Student: 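Before anything else, here's the structure in question.
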Amino acid sequence: MDRFIIESNRDMSGSIEVSGAKNAILPIMAACLLSPGKSVLRNVPNLIDLKTMSHLLRIIGARVEHVGTTMSIDGSDVCFCEAPYELVSKMRASIYVLGPLLARIKEAKVSFPGGCAIGTRPVDLHLKALEALGAEINIEHGYIHAKAEKLIGADIHFEKSSVGATINTLMAAVYAEGTTRLHNAAMEPEVDSTIMFLNKMGAKISGMGSTSLVIEGVENLFPVEMQMIPDRIEAGTFLIAGALSQNPITVKNCEPEHLRVVIEKLRDAGCNFDIETNSITLYPPKEIKPVNVITLPYPGFPTDLQAQFMVLMTLCKGVCFIEDTVFPDRYMHVAELNRLQADIRLDRGIATIKGVEELSGAEVMATDLRASAALVLAGMVAADKTTVSRIYHIDRGYDRIEEKLNAIGGRITRENA
Ligand code: UD1
């Protein structure tokens, strides 16, 4: 199992490029199941999660090729086949095949996703919405078995904002007869980019960028070609690396509009910015100010940057709190950061962070994707040497993170332990 050995260095500088957004590409890959013919996705990085999704799509009969940063998916021969536990347990986004399969071939069987390091993550909202469209859903032997002779448009109110449930329902509703209205839909950029892809394919979805979406069912969709949006979480992770550094860092190929609240919070922490159309230069503060953060659905502060922002706050001058309201149990990184001599107390779902002068290198363990990124950032600024084990989590969502960070002065070595 690979691990990172990280030597301390706060003297980073230069520019760093952001790759395509994993969480936008995963649903779009599943959307390719909706039409026969070959769709082409550009700006697709080399990530384990995307390999897992490719594997799953091939099991279902799609032809997937990924060369460089171009991925092609041919959904001509999609057939009924179950999404096995082995894949769904590795990657919960496998649930995204449910909506498209139900819409295209009227039946789908996907393993029920199990537990997850960031807390309980039910799929009840996905299932309720598909049922509202007329699907019959049975849970048998750990599998979700969904069938629908015909999907019929419906009015669906999500009781909670969910990226996954919104996208899955959209993908099922594109072929439903009549009109579907989604209320309290998620507004994340990954939802918008899926809508753009579906509309390019010939779907009729309006309301993009709002919590109310209207889908007019269509009879046919066609393969298309589209550029994938930049990863706002990877960009945010690099901005935080910049905030921890002593020199300016430029994050290239990003979409500043998707990072508004993150930039605001970093400004509150004392950072300054030069913002251009597709790049952000961050000037780090002399002294990191304490900033309180509550994670919320978009456009709020993203839960996927909570752990990384907490690393920045471990070195603030003062005390602040962080609360994750999206995934209230997402604090596995706290104990690991305290091993690096951070001062974080967790009480009833709120982390209170008292800034320390310096973190101190130690051996720590990655528990999930974003927590691993946080530990890498912490290791880059902790005195002496930090070892982060179980970094397979980080390869799920960051393309060659050590190469990218080393190019701006990081001292990260990958070791096969
Ligand atoms: C997606 C992202 C993940 C991110 C999250 C929130 C992907 C592959 N993953 O996950 O990185 O952290 O959005 O921005 O895009 N919920 C229910 N029932 C459901 C579905 C969700 O109660 O059926 C709850 C969840 O437990 C959570 C909240 O709704 O508390 C939001 O989750 P959701 O937006 O669905 O997250 P994912 O789509 O799984």
Side-chain angles (χ1 to χ4, degrees), residues 20-31 47-50 52-53 56 87-88 90-99 110 112-132 137 139 144 146 156-172 182 184-194 211 228-229 231-234 236-237 258-259 261-262 294-309 323-333 349 367-374 393-394 396-398:
K22 166 182 91 77
N23 287 354
I25 299 168
L26 285 168
I28 287 176
M29 288 176 72
L47 303 174
I48 301 288
D49 271 10
L50 302 183
T52 306
M53 185 58 110
L56 177 55
L87 290 183
V88 182
K90 258 197 220 161
M91 189 191 66
R92 298 176 51 86
S94 311
I95 193 87
Y96 277 141
V97 300
L98 196 56
V110 178
F112 210 91
C116 173
I118 67 176
T120 46
R121 289 175 75 180
V123 289
D124 57 319
L125 300 174
H126 301 235
L127 304 187
K128 268 191 212 163
L130 296 177
E131 276 178 333
I137 294 184
I139 311 291
I144 301 161
I156 298 169
H157 294 255
F158 291 110
E159 60 192 64
K160 200 170 183 182
S161 175
S162 161
V163 176
T166 300
I167 293 179
N168 230 343
T169 313
L170 278 173
M171 295 192 290
L182 305 186
N184 194 26
M187 298 197 292
E188 271 68 2
E190 295 75 23
V191 176
D192 287 359
S193 80
T194 310
T211 55
M228 299 295 106
I229 58 169
D231 195 315
R232 65 193 169 105
I233 305 301
E234 190 191 20
T237 304
H258 295 167
L259 288 154
V261 175
V262 177
I294 295 179
T295 72
L296 288 167
Y298 190 83
F301 192 93
T303 171
D304 285 354
L305 284 172
Q306 180 255 110
Q308 299 90 313
F309 198 84
E323 181 179 7
D324 199 318
T325 67
V326 179
F327 292 111
D329 297 324
R330 190 174 205 175
Y331 293 114
M332 301 278 275
H333 46 283
T367 49
D368 71 71
L369 170 56
R370 306 304 171 184
S372 334
H393 287 293
I394 213 163
R396 287 185 47 202
Y398 290 85

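Computed from a predicted model, the values in this text were never measured in an experiment. All values below were derived from every heavy atom in this structure, side-chain atoms included, with hydrogens, water molecules and symmetry-related copies excluded. Each ligand, and each atom within it, is numbered from 1 in the order the structure gives.
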Student: Does the distance from a Lys or Arg side-chain N to an Asp or Glu carboxylate O, for D49 and R92, drop under 4.0 Å?
Tutor: no
Student: Taking only residues two or more places apart in sequence, or in another chain, which ones meet F301 in a ring pair (Phe, Tyr, Trp, His ring centres under 6.0 Å)?
Tutor: F309
Student: Taking 4.0 Å as the limit for heavy-atom contacts, which would you say applies to A165 with ligand 1: side chain only, backbone only, both, or neither?
Tutor: neither
Student: Taking atom 20 (C) of ligand 1 as the point of reference, which of A129, P297, P122, G164 owns the nearest heavy atom?
Tutor: P122
Student: Keeping the roles fixed (side chain from Y96, backbone from M171), state whether a donor-acceptor pair exists under 3.5 Å.
Tutor: no
Student: Ignoring angles and geometry beyond distance, decide whether S162 reaches within less than 3.5 Å of ligand 1 through its nitrogen or oxygen atoms.
Tutor: yes
Student: Where on Y298 is there a heavy atom closer than 4.0 Å to ligand 1, on the side chain, on the backbone, on both, or on neither?
Tutor: neither
Student: Can I get a per-line list of side-chain donor-acceptor pairs under 3.5 Å for residues 156-163, giving both atom names and the distance, sequence neighbours left out?
Tutor:
from : atom 1 : to   : atom 2 : distance (Å)
E159 : OE1    : K128 : NZ     : 3.0
S162 : OG     : A165 : N      : 2.9

Student: Give the atom numbers and elements of ligand 1 that come within less than 4.0 Å of a heavy atom of S161.
Tutor: 31 (C)
Student: From the options V123, V326, N23, select the one whose nearest heavy atom is closest to atom 30 (O) of ligand 1.
Tutor: V326
Student: Does a side chain donor of either Y398 or S372 reach within less than 3.5 Å of an acceptor in the other side chain?
Tutor: no
Student: Can you tell me if T295 uses its side chain to pair, donor with acceptor, with the backbone of P302 under 3.5 Å?
Tutor: no
Student: Which is closest to atom 34 (O) of ligand 1 in terms of heavy atoms, D368, I167, V163?
Tutor: V163
Student: Can you name the atoms of ligand 1, numbered from 1 with element, that are less than 4.0 Å from a heavy atom of T303?
Tutor: 6 (C), 12 (O), 14 (O)
Student: Report the part of Q306 (side chain from C-beta onward, or backbone N, CA, C, O) that has a heavy atom under 4.0 Å from ligand 1; answer both or neither where that applies.
Tutor: neither
Student: Could you list which atoms of ligand 1 come closer than 4.0 Å to a heavy atom of R330?
Tutor: 12 (O)
Student: Between the side chain of Q306 and the main-chain N/O of R330, is any donor-acceptor distance below 3.5 Å?
Tutor: yes
Student: Judging by distance only, is a nitrogen or oxygen of K160 under 3.5 angstrom from one on ligand 1?
Tutor: yes
Student: Would you say the side-chain atoms of D324 pair up with the backbone N or O of Y331, donor to acceptor, closer than 3.5 Å?
Tutor: no
Student: Using a 4.0 Å heavy-atom cut-off, say whether L125 meets ligand 1 through its side chain, its backbone, both or neither.
Tutor: both
Student: Just to be sure I read this right, does ligand 1 sit under 4.0 Å from the backbone of D124, its side chain, both, or neither, counting only heavy atoms?
Tutor: both
Student: I need the atoms of ligand 1 closer than 4.0 Å to a non-hydrogen atom of H126, numbered in the order shown.
Tutor: 23 (O)
Student: What I want to check is whether the side chains of E190 and N23 have a donor and an acceptor closer together than 3.5 Å.
Tutor: no
